[in-house]
Amino acid sequence: MRSTVSEPLPASASAADWWRTGVVYQVYPRSFADSNGDGDGDLAGIIEHLDHLGPDGLGVDAIWLSPFYPSPWRDGGYDVSDHAAVDPRFGSEADFDRLVTAAHERGIRVVLDLVLNHTADEHPWFVASRASRTGPYADFYLWRDASGVDAGGRRRPPNNWRSFFSGPGWEWDEGRRQFYFHTFLVEQPELNWRAPALERAQFEMVRGWLERGVDGFRLDVFNAFLKDPELRSNPRRAGHSAWDRQRHVYDRDQPDLTLLLGRFRDLLDAWPGRMSVGELFDGPLERAVELTREPHLVFDWELLDQPWSAAQIGSAIDRREAAFGPERWPTLVLSNHDRPRHASRLAGSAGIDNSDAVAKAAAVLLLTLRGTPFLYYGEEIGGRDVDVPAAESVDPPASVGDPQFRWWDRSRCRTPMPWTGEPGAGFSDGPPWLRLAPDVATRNVAAQLMDPGSVMHCYRRLLAARRASPALHGGTFERLVTSDTDVLAWRRRSADEQAVVVLNCADRPAEVSVGSTPGHVARAVVGTHLDPPDVFAEASRLRLRPLEGTIAIGSVG
Ligand code: NOJ
């Protein structure tokens with residue numbers, strides 16, 4: 001029996017559990033949809049396209065909005081100059097409230113991006129902090145005296161900490177006659193989370209968003225919030241860049257971070273069902289696991305860092321499963337606003353021309369492994385990186401120019417969403433702020449809607465199957481052995497249901513046997529192709545086409 005699954009949200013997906021059973025879709029607001037023809041995406045544009053995301057479209061459970069706050073835009077909006085407001089570029093405060101209401105009407109929750117590690121140097125707190133060593137904002141940032149002068153008479157910074165975006169981490173400020181620290185750009189001064197007044201101010205801002213109906217937060221580089229209280233120098237080690245030549249034991253990941261996180265969670269927990277997800281900055285899988293305390297999830301990079309190789313993806317899955325264990329809940333991410341789009345990255349890593357086929361196969365990983373999937377706008381149409389000439393780059397960190405810091409130009413993965421094949425791709429009636437992909441005339445939402453074989457319909461089928469299946473959205477995970485090393489398989493199991501997933505990662509047909517799949521009658525079979533084979537019926541000789549994934553859902557025997 002074959003069918004595509006299209007059932008409504010099951011009652012088992014209780015509201016309080018949405019962060020675990022659901023799927024989150026990341027919107028980069030400036031590139032999603034422009035409602036007023038000025039070339040910049042805006043909040044009203046997002047409202048206009050909510051049906052693409054809601055139950056009649058992809059059926060995601062939440063949108064994560066990358067920053068839409070006032071910003072000098074030196075770091076793609078991650079340099080915030082007022083965390084409690086909407087940048088007029090994106091619309092009005094009323095537009096934000098309308099967006100929350102319109103999303104909630106469609107059962108979509110709203111997750112905001114909080115950049116709490118640093119601000120823009122134009123933030124009023126920093127303006128006040130650099131103006132006075134004694135005022136109310138004096139200790140909101142990490143200020144320190146010079147530690148002396150070197151042989152050439154130059155002031156020596158307080159310690160050896162570096163900027164991740166290259167160069168020294170300390171910047172001398174003539175006004176205050178002290179150094180301030182910045183992990184990222186000079187224009188992104190680091191906040192001092194050890195100042196109680198700073199914590200109060202941050203929490204006050206967060207409370208304001210909760211009161212406006214926000215359902216959760218993504219915390220930018222959250223493991224860097226706290227620094228060593230004595231600001232000790234990091235120990236040295238061998239490495240390729242100045243950043244890598246330090247063990248970052250004092251400029252992030254402090255022992256009392258979990259206490260701070262606990263206080264943050266206490267604030268959120270006063271509103272039921274509020275989730276948070278922390279972006280692990282430059283740390284290993286084990287650190288992500290330690291900091292996961294549901295409903296606080298943590299992005300780790302183990303899966304995202306793999307090339308398209310069954311062996312490497314398989315062992316990354318095993319490492320993650322072993323590290324998180326059955327009691328902790330991971331995230332699933334293949335693309336975001338910082339990384340090459342995975343249709344390009346994965347297809348390129350395996351030398352496969354058909355990036356759409358890779359995108360569909362990758363969607364099987366993303367939507368059927370154990371964890372909460374986070375999709376990045378445009379991946380549902382197989383969007384690829386765009387060659388943006390250096391002169392058009394909108395990513396200043398990419399042009400820092402330090403040969404030791406080869407930062408990838410993130411303009412390439414942040415280009416406007418193509419909605420139609422018309423001029424402006426349905427994104428904007430004006431000149432877009434960043435160039436469109438060269439293939440928007442054919443690769444767009446409207447075109448893929450007409451094509452049942454498109455990447456977008458594949459996402460819709462897989463998302464519907466995931467939503468309807470307790471095994472897929474909440475079940476246990478077990479890897480299954482197959483007779484072909486290019487073919488991965490796993491089983492998800494809930495109380496009454498099992499789902500068996502088989503994925504041919506090779507660009508050639510495969511005929512495999514899949515270990516220990518008792519021959520249940522499938523309730524549903526869904527996959528990358530429109531007519532996927534049923535592993536329950538054919539476990540001993542399953543034929544898969546190149547890059548084909550199939551998922552059979554049946555009862556537990
Ligand atoms: C992490 C964000 O994901 C990235 O886009 C940004 O550049 C850095 N934080 C610094 O703000």
Side-chain angles (χ1 to χ4, degrees), residues 24 26-31 64-83 87 111-123 125-126 141-142 161-167 169 171 180-191 193 202 217-227 243 248 251-253 276-283 287-288 291 297-301 304-305 331 333-342 374-377 385 388 393-400 402 405-415 434:
V24 184
Q26 181 186 358
V27 171
Y28 193 69
R30 199 163 173 185
S31 286
W64 146 25
L65 302 174
S66 278
F68 53 78
Y69 318 104
S71 163
W73 213 263
R74 294 206 186 82
D75 184 20
Y78 286 81
D79 47 329
V80 177
S81 49
D82 179 358
H83 231 308
D87 188 328
V111 173
L112 299 197
D113 210 322
L114 294 180
V115 191
L116 306 182
N117 179 68
H118 46 270
T119 66
D121 59 0
E122 292 179 14
H123 194 294
W125 291 349
F126 189 68
Y141 294 83
L142 278 174
W161 296 357
R162 308 287 305 179
S163 160
F164 179 73
F165 281 159
S166 94
E171 179 74 6
Y180 68 86
F181 181 63
H182 58 96
T183 300
F184 298 98
L185 295 173
V186 170
E187 296 89 352
Q188 291 172 293
E190 207 89 350
L191 286 161
W193 273 92
Q202 296 281 48
F217 300 99
R218 178 250 185 205
L219 300 181
D220 194 72
V221 298
F222 79 116
N223 55 317
F225 289 179
L226 289 172
K227 317 292 189 272
W243 177 267
H248 292 274
D251 53 354
R252 63 165 195 245
D253 287 307
S276 49
V277 55
E279 180 204 28
L280 189 75
F281 170 53
D282 197 35
R287 186 65 182 144
L291 294 171
L297 305 175
V298 180
F299 291 135
D300 71 283
W301 311 114
L304 193 149
D305 281 341
T331 60
V333 186
L334 289 175
S335 284
N336 64 29
H337 62 290
D338 287 331
R339 305 288 188 123
R341 285 187 173 273
H342 70 258
F374 288 76
L375 313 183
Y376 182 54
Y377 84 96
D385 290 334
V388 177
S393 171
V394 290
D395 187 21
S399 49
V400 165
D402 181 338
F405 178 77
R406 291 196 194 83
W407 189 245
W408 181 78
D409 186 346
R410 296 170 294 180
S411 318
R412 297 167 59 83
C413 71
R414 297 178 178 179
T415 56
L434 177 58

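We count ligands from 1, going down the list as the structure has it; atoms in each ligand are counted the same way.
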For this session: Run through ligand 1 for me and note each protein residue having a heavy atom under 4.0 Å from it, chain first, then residue number.
Result: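 Answer by chain and number: D75, Y78, H118, F165, F184, Q188, R218, D220, V221, E279, H337, D338, R410, R414.
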For this session: Verify the ring-centre separation between F184 and F281: is it less than 6.0 angstrom?
Result: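 Under 6.0 Å, so yes.
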For this session: Please name all residues satisfying ring pair (Phe, Tyr, Trp, His ring centres under 6.0 Å) with Y377, sequence neighbours left out, ordered by chain then number.
Result: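 Once residues adjacent in sequence are excluded, Y377 has no partner under the ring pair (Phe, Tyr, Trp, His ring centres under 6.0 Å) criterion.
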Problem set entry | Pairing residues for F68 by the ring pair (Phe, Tyr, Trp, His ring centres under 6.0 Å) criterion, not counting sequence neighbours |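 With sequence neighbours excluded, F68 shows a ring pair (Phe, Tyr, Trp, His ring centres under 6.0 Å) to F96, W209, given in chain and number order.
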Exercise. Is R287 salt-bridged to D282, cutoff N-O under 4.0 Å?
Worked result: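 Between D282 and R287 there is no salt bridge, as every charged N stays at least 4.0 Å from the carboxylate O atoms.
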Exercise. So among W161, Y141, F126, which one has a ring-ring contact (aromatic ring centres under 6.0 Å, His included) with Y180?
Worked result: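 Of W161, Y141, F126, ring-ring contact (aromatic ring centres under 6.0 Å, His included) with Y180 is met by F126 alone.
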Exercise. D220: what forms a salt bridge (charged side-chain N to carboxylate O under 4.0 Å, His left out) with it, not counting sequence neighbours?
Worked result: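 Here the qualifying residues are R218.
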